[in-house]
Amino acid sequence: MRASTTDADERPLVELAVVAPTPSTSSPSPSPARGLAPPGFSRAVRCNARFSGSASIADGAGPSYPGNAISTTKYTAASFLPKSLFEQFRRVANCFFLVVACVSFSPLAPYRAVSVLLPLVVVVSAAMAKEAVEDWRRKQQDIQVNNRNVEVFDGAQSFHETEWKKLRVGDIVKVKKDEFFPADLLLLSSCHDNGICYVETMNLDGETNLKRKQSLDATVGLSEEHSLHSFKAFIQCEDPNEKLYSFLGTLYYSEQQYPLSPQQILLRGSKLRNTNFIYGAVIFTGHETKVMQNATEPPSKRSSVERRMDKIVYLLFAILLFIASFGSIYFGIKTKAELNAGSYAWYLRPDQSSIFFDPNRASFAAFCHFLTSLMLYVCLVPISLYISIEMVKVLQSTFINQDRHMYCEESDKPARARTSNLNEDLGQVHTVLSDKTGTLTCNSMEFIKCSIAGVAYGDSLTELEISYGGIEEASGYNVHKDSTESKKSVKGFNFTDGRLMNGEWAKECSRDAIEMFFRVLAVCHTTIPVTKKKSIEISYEAESPDEGALVTAAREFGFEFFHRTQTAISVHEYDPVLGRKVDRTYKVLNILEFSSARKRMSVILKTEEGRLFLFCKGADSVILERLSKDNEKPCLTNTKRHIEEYSEAGLRTLALAYRELAEEEYATWNKEYSSAKNSIHTNHDAAVEKASEDIEKDLVLLGATAVEDRLQKGVPDCIHKLAQAGIKIWILTGDKLETAVNIGYSCNLLRKEMETFFVTLDNSGSNTPEGCSQEGSRMAPYEQIDRKLQDARRQSSLKGTSTPFALIIDGSALTYALTGSLKDSFLDLAVDCASVLCCRMSPKQKALITRLVKTKTNKTTLAIGDGANDVGMLQEADIGVGISGAEGMQAVMASDFAIAQFHFLERLLLVHGHWCYRRIAAMVNIKNMFC
């Protein structure tokens, strides 16, 4: 656990032990005294107590937490009428006709009131009915989610099914494989002995890779129902917030306290994978869960044409006021002149007039004439224009829905215009903000090339090479292809090179290095093999798509990983001496897990012969700096060159290395590592990292792998045409910077001729000098980002508009770039760039960026995404487009338009958008001319 240096409230709660009361022997779960929790950490949860939300916590009643039901609707039954009426009377014309309708009930009206009131009622009622239908659809989705079933422990006997909406804070739930978590849970135990489970967070951050979660050692034994009968514990943790990747808290259990981290938290909206079941304690429910904290209120959107029409109505209203005022003033003057006998028209008879024509009250008569004139000339403000436009918009929506060119046969899903209000804005889009995973890509990785012992292997062309004409350039390149091209395709494997396939690698000069390379691919991972019923084929469930592709590649090369236990990995290996496969089992001693900070993972294994090996794979930047000085220089030089070539081709690269360990060295290190891992002090992570560093050194380089993240059909061409149309494109993704940059080149967002600006933090936390104040630590990143933004602005000013620019920034840097004076500097730079790529972003940051771009440019913005993590972004943009893909329907339900694939966006904007805007604009002009 690391204490935050930027927020005083986010410090580890193990400090609470100092102020916690001594637990009584009658209470198995000690509780801190109420009121001693630091600000921001007031959440108190009693586990396995059905009334934990209202039960006493110390000496009185505790806080009452909301239920688990959620609502994403814009209206409620009580608020629909006032809010909907407010939305309708935001239109200037509606307000004007409401005033005229009220006045028309007086004797001043030159016609019956119904002639004005009826059209107004029809227009407003139709618009309100449309709003009601759209909101009812959201309500139906909420009902479906709230009524999902989950097993909850009754506290005494067993589990029983209940609806999600009935869950309460503190409940113990059982979630089974492939089920969604109903609330934010503390992982207590799983079907695995070590308390591990795998979670898919696709709906939270858009990533399809599985994330490994680990329960505390203290609760890992709670894997049977009978063990939960006596389980009582107390949790004190941070208050509800939107931070998906952080959590701080303390578990008080069995008169001990244990620090909690994100590793033990299962978030609502994520799914349990590769694990039969888990037991968890509910911490946050309903709108207090992190996914709902990232949600935003459904907005009310109006098209630019409609806002422009309001301005036209203001102009027409000014003309109407002028005509009515001029006529009334003249009428008042003439009326006053009627006082002289014989000077008035005989048919007016002012001596017998009513109040509306009284020479003695000429001013009041002029005012009454003014009101009558407003009603008489009301045709200047055309209410029929709104009715006509609504009818045209409905027909345009039908054209979009019936367009066969935007129908996806694979998923059997057509395009859908979920609202008709924004059709014309499709033709005025200035900036497109897009998610990456599932929107641009297929969530599918393919092993395509590799470099082993300084020799490059793999003849397949990448999408980037094809887009740059690689087919023509490769006329003499594919000299190693063989019959493997004609065999059936394998998911995750698109490698062709006769030198390595079908055991031919045994004839290579560097056979030993190749064999060790394949062995590292087969055993250095956390993948789980899955065999389907009535099938002998093995598929793999991996923590990341890259890892799954690498294990699949090892299988295709003759090293098939087929079985795993908590302490062993079994592989069918091709033995070049025997000429056939043999079974080998490796004892797993340690797994040094991958993290975004480490950028590598390692496993320490013992072979059947008793030899100890450390196998390591990771980013080339961290592997190369840990190599032994004994590595062959030609091999190292060639591998570096190959990695650079793979990266330029838009591929994701990993370097592979190994090291043989001595028994004495390992025994000494393992003692140090175990001590660091079992520590619970505030420097726990730093101690584990230091121990890992001590063993991950003096490595022998084997080579590098190159994996391609496949794009959806037509994505590069679509982005290219949108860029040609002058539309700026931003990609907002939760992926790592390296991954996002590779995809950027593959999909034509980033191009070779572009000048690229990188704005990232250079390990600000770890590089802070000792003795610096906390304020200085906070200012260092701020000044660092400021300097980089200023440098980028200076370069863009010098090169002018002749060179296209691309800006790449990550989430941590963006946190500072959107504060204080840096906000304007960042937005000025970003708006001038043709392409912007933002990495490691939370859903709330996506929504914030969308709002700022919309406000800064004051032009039409469009957001497109396919997951629940994109909902805020879709709602903030002027136009939200949902991809009806594999990540559920949350994005579609929050969108204004729905399409099945990204490349349909080209036709939606450049064809339908163009004609919708042109026809609506022409209709407004013609109507105003003839009204």
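The first residue in the sequence is number 1, and the count goes up from there. Just so we're clear, the structure is a prediction, and the values are computed from it rather than from any experiment.
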**OP:** For Lys271 and Val199, run side-chain contact (heavy atoms from CB on, under 4.5 Å): C-alpha distance rounded to whole Å, both residues' side-chain angles, the deciding distance at 0.1 Å, then the answer.
**Re:** CA-CA 6 Å; Lys271 182 187 289 187; Val199 175; over 6 Å; no
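- Between the side chain of Arg641 and the backbone N or O of Thr637 there is no donor-acceptor pair closer than 3.5 Å.
- Summarising the geometry, atom CG belonging to Asp620 is positioned 11.5 Å from atom CG belonging to Leu656; distances are rounded to the nearest 0.5 Å.
- Looking at Ser254, its side chain never comes within 3.5 Å of a backbone N or O of Gln256 through a donor-acceptor pair.
- The closest side-chain donor-acceptor pair between Thr526 and Glu547 falls under 3.5 angstrom.
- Nearest heavy atom pair, residue Cys450 against residue Phe517, reads CB-CZ, 4.2 Å.
- Between Arg659 and Glu665 there is a salt bridge, since a side-chain N of the basic residue sits under 4.0 Å from a carboxylate O of the acidic one.
- Counting only N and O atoms by type, the side chains of Tyr457 and Glu508 include a donor and acceptor under 3.5 Å apart.
- Trp505 has its ring centre less than 6.0 Å from the ring centre of Phe518.
- In terms of the salt bridge (Lys or Arg N to Asp or Glu O under 4.0 Å) criterion, residue partners of Glu696 (sequence neighbours excluded) are, by chain and number, Arg598, Arg600.
- Salt-bridge check for Arg626 with Glu693: passed, with a basic side-chain N closer than 4.0 Å to an acidic carboxylate O.
- Two residues are said to be in side-chain contact when any heavy atoms from C-beta on lie closer than 4.5 Å; Ser215 and Tyr279 fail this criterion.
- Taking CG from Leu267 and CZ from Phe180, the interatomic distance works out to 13.5 Å, rounded to the nearest 0.5 Å.
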Original post:
Could you walk me through whether Glu573 and Arg519 pass the salt bridge (charged side-chain N to carboxylate O under 4.0 Å, His left out) check?
Top reply: CA-CA 8 Å; Glu573 290 189 6; Arg519 185 171 291 125; 3.0 Å; yes
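- Under the ring-ring contact (aromatic ring centres under 6.0 Å, His included) criterion, His572 pairs with Phe562, sequence neighbours left out.
- Tested against Asn590, the residues Ile695, Ile604, Leu614 include a single side-chain contact (heavy atoms from CB on, under 4.5 Å) partner, Ile604.
- Contacts of Ser190 classified as side-chain contact (heavy atoms from CB on, under 4.5 Å), with partners at least two apart in sequence or in another chain: His192, Cys197, Thr275, Ile278.
- Counting only heavy atoms from C-beta outward, the side chains of Phe447 and Glu556 never approach each other to under 4.5 Å.
- Side chains of Phe557 and Phe495 form a contact here, defined as non-hydrogen atoms less than 4.5 Å apart.
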**OP:** Evaluate side-chain contact (heavy atoms from CB on, under 4.5 Å) for Leu266 paired with Asp184, printing each intermediate quantity in order.
**Re:** CA-CA 6 Å; Leu266 308 173; Asp184 288 353; over 6 Å; no
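- Side-chain atoms of Asp810 come within 3.5 Å of backbone N or O of Ala813 as a donor-acceptor pair.
- In this structure a side-chain-to-backbone donor-acceptor pair under 3.5 Å is missing from Asp575 to Lys581.
- Atoms CG and OG, from Asn638 and Ser451 in turn, are 7.0 Å apart once rounded to the nearest 0.5 Å.
- Between the side chain of Thr219 and the main chain of Leu188, a donor-acceptor pair closer than 3.5 Å is present.
- For Lys587, the NZ atom sits in a loose shell: 12 or fewer heavy atoms of surrounding residues, nucleotides or ligands are nearer than 6.0 Å.
- Ring orientation note: the planes of Tyr666 and Trp669 are tilted relative to one another, at an angle of 30° to 60°.
- Nearest approach of Pro259 to Leu216, heavy atoms of both residues: O-CD2, 3.8 Å.
- For Glu672, the side-chain contact (heavy atoms from CB on, under 4.5 Å) partners at least two apart in sequence or on another chain are Lys690, Ala691, Asp694.
- When all heavy atoms are compared, the tightest approach of Arg564 to Thr527 is NH1-O, 2.7 Å.
- When side chains are defined from C-beta on, Leu185 does not count as touching Ile283, because their heavy atoms never get closer than 4.5 Å.
- Remark: Glu632 CD is loosely packed, at most 12 non-hydrogen atoms of other residues, nucleotides or ligands lying under 6.0 Å away.
- Among residues two or more places apart in sequence or in another chain, the ring-ring contact (aromatic ring centres under 6.0 Å, His included) test is passed with His642 by none.
- Ala506 and Arg511 get closest at one heavy-atom pair: O-CD, 3.1 Å.
- In this structure, a donor-acceptor pair under 3.5 Å is absent between the side chains of Gln263 and Ser261.
- The side-chain heavy atoms of Leu589 and Leu605, taken from C-beta on, include no pair separated by under 4.5 Å.
- The OH atom of Tyr198 lies 4.5 Å from the CZ atom of Arg212; values are rounded to the nearest 0.5 Å.
- With hydrogens and angles ignored, the 3.5 Å screen pairs no side-chain donor or acceptor of Asn631 with any backbone N or O of Leu702.
- Residues Glu504 and Arg499 form no side-chain contact, since every pair of their non-hydrogen atoms from C-beta on lies 4.5 Å or further apart.
- To the nearest 0.5 angstrom, Phe615 atom CZ is 10.5 Å from Leu521 atom CG.
- Remark: the backbone N or O of Ile538 is paired with a side-chain donor or acceptor of Arg555 at under 3.5 angstrom.
- Side-chain contact between Tyr540 and Pro529: present, with at least one pair of heavy atoms (C-beta onward) separated by less than 4.5 Å.
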Original post:
Please walk me through it: do Ile265 and Leu186 pass side-chain contact (heavy atoms from CB on, under 4.5 Å)?
Top reply: CA-CA 5 Å; Ile265 303 303; Leu186 169 67; 4.3 Å; yes
**OP:** Could you please spell out the steps behind the side-chain hydrogen bond (donor to acceptor under 3.5 Å, both in side chains) verdict for Ser270 and Thr201?
**Re:** CA-CA 5 Å; Ser270 52; Thr201 60; over 6 Å; no
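- The main-chain N or O of Lys243 is found under 3.5 Å from a side-chain atom of Lys290 such that the two form a donor-acceptor pair.
- The side-chain heavy atoms of Ile196 and Lys213, taken from C-beta on, include no pair separated by under 4.5 Å.
- Taking all atoms of both residues into account, the shortest heavy-atom contact from Cys524 to Ser602 is SG-CA, 4.4 Å.
- Residues meeting the side-chain contact (heavy atoms from CB on, under 4.5 Å) test with Glu660, sequence neighbours left out: Arg611, Phe613.
- If you take CG on Leu627 and CG on Leu701, they are separated by 5.5 Å, rounding to the nearest 0.5 Å.
- Under the 3.5 Å distance criterion, the side-chain polar atoms of Lys617 are left unmatched by any main-chain donor or acceptor of Ile623.
- Although no hydrogens or angles enter the test, the distance criterion places no donor-acceptor pair under 3.5 Å between the side chain of Ser675 and the main chain of Lys671.
- Contact detail for Tyr646 and Ala456: the closest heavy-atom pair is OH-CB, 3.9 Å.
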**OP:** Show your reasoning for whether salt bridge (charged side-chain N to carboxylate O under 4.0 Å, His left out) applies to Arg652 and Glu708.
**Re:** CA-CA 6 Å; Arg652 304 169 67 158; Glu708 184 176 29; over 6 Å; no
